[in-house]
Amino acid sequence: MFRWLFLNENTLTPVEHTSWKLSALRIFLLSGFLLEGGIAIHSSLHAYAQGTYPVLWAILAVYCIKSLAIYYSSRSVRLGAALLVANIYATALIIITMVSNPELARLGYILMYAVPMIARLFFSTRLALSLMFLNVIPFLFLLFGEPYHFFNTHLAESPGPVPVTRIYLHLLLFLFFNFSLPLTVFRVLHALDAMLLRFRSASNALQISYTQYQEVFENAGTALLLTDAAGMILQANNQANALLGRDPETDQEQALFNWLSIENSVRLKVTQSEDSGNLRMSAYRTRDGKMVALDNISQTSSEHYIVALRDVSHLHHMQNELQLSLEREDYLSSHDALTNLPNREMLRQYLFTLLTSKDTSQVTALVSFRLNSIRHANQQFGAHTGDVLLRRFADELSQVLPKNCFCARLRSIVFSFVIEQLRTPGDVIQLVDQIRQALPKELEINGEVLLVQFSAGIALVRPEDAEPDDLIRRSEVALDTARRSSDQSVTLFDEEDALQIRRNVEIEVGVINGLRQNEFHLLYQPKVAHDGSLAGVEALLRWNSATLGKVAPSEFIPIAERSGLIRYISDFVLDQVCAQIRSWLDLFGQSPVVALNLSVSDIARADLIQLIEERCQHYAVETRYLELEITETGLIANESLSIHHLNALKNRGFSIAIDDFGTGYSSLSKLSHFPAHTVKIDRSFVSQIGYNRKSEMIIKAIVSLAEILSCDTVAEGVENQQQENFLKEVGCRYFQGYYYYRPLDVPTINQLLQRAYRVF
């Protein structure tokens with residue numbers, strides 16, 4: 001509470017503080033020691049001559065204390081000052097107790113009153129206050145009592161002491177208050193003057209520095225803020241206020257992030273330096289819509305922060321425009337410019353993702369629509385009208401499609417969409433038919449009514465599908481087939497074709513499920529020689545579907561060949577035949593030669609030879625027990641590859657037969673190059689025996705040609721005695737048909753083999 005009354009010592013450095021105290025203490029001690037020396041010497045001689053030895057000892061004690069104070073002042077200011085205080089109190093007590101004149105003795109109290117001032121100079125305010133209150137005691141003695149005398153004999157009893165004593169006392173007080181104490185105070189004032197001078201100099205320098213700081217702060221070329229740790233604005237230059245839209249005179253809001261919206265912050269890529277990499281900075285939106293970034297934040301020594309702001313509105317605008325441009329470029333690269341639908345490449349990407357994660361328990365299809373009426377629109381009204389028709393058709397198609405359908409413009413007038421997660425192929429056809437019915441039959445464009453005619457093609461996703469291009473190709477083939485099936489105004493799904501298409505699609509999907517569910521089985525039709533003995537058997541595939549019922553080979557085999565599923569059927573037949581031969585060998589010790597059919601696509605398979613050899617090795621079946629049949633059409637379709645594979649199979653001991661001979665259009669020169677062992681006469685010629693002279697002549701020519709080619713002949717479809725007699729007459733060696741045996745199941749054929757091999 002008294003701090004405003006006293007000098008604040010903290011304004012001086014510790015070294016300066018000690019320096020002026022030591023200087024003042026030495027001035028006080030030395031001035032007192034020298035000025036009072038004459039009085040002390042004279043008083044000591046007088047006391048010795050009068051025999052007042054206590055006075056002599058008191059004077060010596062006072063000077064000893066003062067000498068010790070001078071000595072210890074160089075080591076410790078506080079100890080020297082303490083001895084000085086003790087010296088003053090000792091001098092005062094000597095005057096009070098040893099001067100007989102009360103008026104003179106009271107002068108000793110004046111010395112005590114100076115002690116608090118000395119204590120404040122060299123110690124603390126608290127000690128000075130304590131000594132001030134302590135001086136109340138001698139003051140009360142002064143008012144109400146006489147000073148206590150320790151000696152009965154004092155200076156007053158000796159002759160002439162009073163004048164001398166009065167002179168001594170007044171001289172002592174004169175020297176103390178007129179020289180020692182003023183010199184000490186002068187030293188203190190000198191220190192204060194020096195401090196004040198430095199303070200003024202520092203104040204001027206600080207003012208200049210502050211002015212320079214203000215000039216730098218205002219004209220730094222950067223928007224600068226000074227904030228505390230809580231983000232409260234302490235100071236802002238004009239650029240910062242202008243950037244924030246803040247008026248420091250009227251706006252009382254001091255929180256920085258009340259001027260910058262964190263919710264509307266964005267991340268901007270740093271592009272100023274080459275080595276910035278992909279660094280990003282945050283930008284915040286101000287109240288007036290500018291984008292501001294905290295360019296730099298520096299902490300000061302007083303826990304404040306200097307924040308540099310930067311207007312990045314232009315950068316944000318450029319990067320936003322660049323992002324929009326990139327998005328637009330990406331959009332244009334993946335979308336059709338005319339209809340805004342995804343293009344073929346995007347469709348491929350979508351299908352690739354779909355095929356890598358397809359659910360085999362669901363039916364998925366790619367459907368393609370071809371806008372057939374666009375040609376009429378272009379020819380009659382111009383290309384612009386045709387473009388408008390394409391856009392309108394794309395809009396109408398997008399509206400009627402289910403929400404989960406991915407629709408794209410495959411090529412100029414073909415649109416494709418993906419149907420997913422249906423249960424059966426029939427559901428696919430039903431949904432496509434609903435879409436077809438929902439599309440408008442006419443569209444009005446520029447005042448003209450244009451017909452909307454389109455064809456549709458469907459490609460179902462198979463379990464083995466992995467390439468989007470294969471699926472797209474199948475859908476386009478189906479679409480082209482649908483377009484060519486009738487005039488362009490009729491879609492794929494008219495009332496008559498829909499049932500057949502539905503049946504074909506269901507068969508295509510059912511083949512894979514049938515193989516998995518063991519719905520396929522083999523029957524064996526015997527082949528007999530001239531004498532009726534068993535010459536071999538032919539494996540015939542039958543399918544009894546749980547959902548479709550019995551499906552004839554003439555129905556599912558062509559569909560399997562067109563869809564590429566025939567290879568799975570061939571794999572199944574080959575495995576079953578080899579397993580059955582092994583069973584007959586184990587049961588009878590021998591087996592008939594089993595003929596099985598290879599399709600057109602089978603003969604072109606790169607792994608055909610490896611597959612057949614692997615099955616034979618697996619069941620330990622010799623190659624002589626297998627006869628591979630291939631149609632004449634299949635031989636011609638893959639001539640070079642067929643010759644290569646058939647030669648390789650023949651060299652390994654397999655028998656080769658040309659099935660349905662005479663129904664193709666190959667020349668005799670080409671047929672002569674095929675490595676065949678057997679030629680099978682097609683049933684269409686055999687059935688005409690006795691009715692068609694030309695068919696009989698063809699049979700004779702085939703038998704003669706087979707002899708030239710060193711091949712055996714087998715007549716298929718023999719159903720009566722007349723046919724058998726004719727065939728034997730022309731030299732046919734083997735016969736096959738209902739006249740001898742129908743296709744037999746395994747138990748029945750086992751009984752036949754048991755009789756043929758005389759196994760009982």
Close side-chain approach of Gln349 to Ser334, heavy-atom, < 4.5 Å | no

Under the side-chain contact (heavy atoms from CB on, under 4.5 Å) rule, what do Leu460 and Thr364 come out as? Steps first, then yes or no, please.
-> CA-CA 6 Å; Leu460 295 178; Thr364 302; over 6 Å; no

Gap separating the CD1 atom of Ile445 from the CG atom of Leu389, nearest 0.5 angstrom | 4.5 Å

Evaluate side-chain contact (heavy atoms from CB on, under 4.5 Å) for Gln362 paired with Glu420, printing each intermediate quantity in order.
-> CA-CA 8 Å; Gln362 301 288 334; Glu420 302 180 57; over 6 Å; no

Taking atom CG of Leu649 and atom CG of Leu598, what is their separation to the nearest 0.5 Å?
-> 8.0 Å

Note, Pro553 side chain near Leu541 side chain (heavy atom, < 4.5 Å) | no

Looking only at non-hydrogen atoms, find the nearest pair between Leu341 and Arg409 and report the distance.
-> CB-N, 4.0 Å

Crowded around Lys550 NZ? As in, over 12 foreign heavy atoms under 6.0 Å?
-> no

Here the pair of heavy atoms bringing Leu443 nearest to Pro440 is CD2-CG, 3.8 Å

For Thr424 and Asp427, test the side chains for any donor-to-acceptor distance below 3.5 angstrom and give the result as yes or no.
-> yes

For His644, look at atom NE2 and say whether over 12 heavy atoms of other residues, nucleotides or ligands are found less than 6.0 Å away.
-> no

Indicate the atoms forming the closest heavy-atom contact of Ile699 with Phe685, along with that distance.
-> CD1-O, 3.6 Å

Could you check if a side-chain atom of Glu716 sits within less than 4.5 angstrom of a side-chain atom of Asp659, using non-hydrogen atoms only?
-> yes

Heavy-atom distance under 4.5 Å between the side chains of Leu540 and Leu522, does that happen here?
-> no

Are side-chain heavy atoms of Ser695 and Ile689 found at a separation under 4.5 Å?
-> no

Measuring from Ile698:CD1 to Asn692:CG, what's the distance to the nearest 0.5 Å?
-> 7.5 Å

Do Val511 and Trp543 have side chains that get closer than 4.5 Å, going by heavy atoms?
-> yes

Is there a side-chain contact between Leu548 and Glu506, using heavy atoms and a 4.5 Å cut-off?
-> yes

Interatomic distance, Ser416 atom OG to Leu347 atom CG [nearest 0.5 angstrom] = 6.0 Å

Value for CG (Leu338) from CG (Asp387), rounded to nearest 0.5 Å, stands at 5.0 Å

Yes or no on ring-ring contact (aromatic ring centres under 6.0 Å, His included) for Phe520 and Tyr568, after CA distance, side-chain angles and deciding distance?
-> CA-CA 12 Å; Phe520 289 90; Tyr568 301 104; over 10 Å; no

So does Arg683 pair up with Glu719, basic N to acidic O under 4.0 Å?
-> no

Heavy atoms of Arg348 and Asp469 approach each other most closely as NE-OD1, 2.7 Å

Any chance you could lay out the ring-ring contact (aromatic ring centres under 6.0 Å, His included) test for Phe454 and Phe393, step after step, and finish with the verdict?
-> CA-CA 10 Å; Phe454 55 90; Phe393 181 76; 5.7 Å; yes

Out of curiosity, Ile429 CD1 to Leu422 CG, how far, rounded to the nearest 0.5 Å?
-> 11.0 Å

Glu696/Arg693 ion pair, N-O < 4.0 Å | yes

Determine the minimum heavy-atom distance between Leu608 and Asp602, stating which atoms define it.
-> CD2-O, 3.6 Å

Mind listing the closest non-hydrogen atom pair of Leu515 and Ile569 along with its distance?
-> CD1-N, 4.3 Å

Going by an N to O cut-off under 4.0 Å, is there a salt bridge joining Asp433 and Arg436?
-> yes

Got a sec, which residues hit side chain to side chain donor-acceptor pair (under 3.5 Å) with Asp607, two or more places apart in sequence or on another chain?
-> Arg605

Should Val452 and Leu439 be marked as a side-chain contact (heavy atoms from CB on, under 4.5 Å) after you check the CA-CA gap, both sets of side-chain angles, and the distance that decides it?
-> CA-CA 9 Å; Val452 177; Leu439 286 170; 5.7 Å; no

Under 3.5 Å donor-acceptor, Thr385 side chain and Ala377 backbone | no

Donor-acceptor contact below 3.5 Å, side chain Arg344 vs main chain Arg411 = no

For side-chain contact (heavy atoms from CB on, under 4.5 Å), just list the numbers for Arg370 and Ile413, CA-CA rounded to whole Å, side-chain angles, deciding distance to a tenth of an Å, and then say yes or no.
-> CA-CA 6 Å; Arg370 183 183 188 276; Ile413 58 174; 3.6 Å; yes

Hey, does Phe406 have a side-chain heavy atom less than 4.5 Å from the side chain of Leu354?
-> no

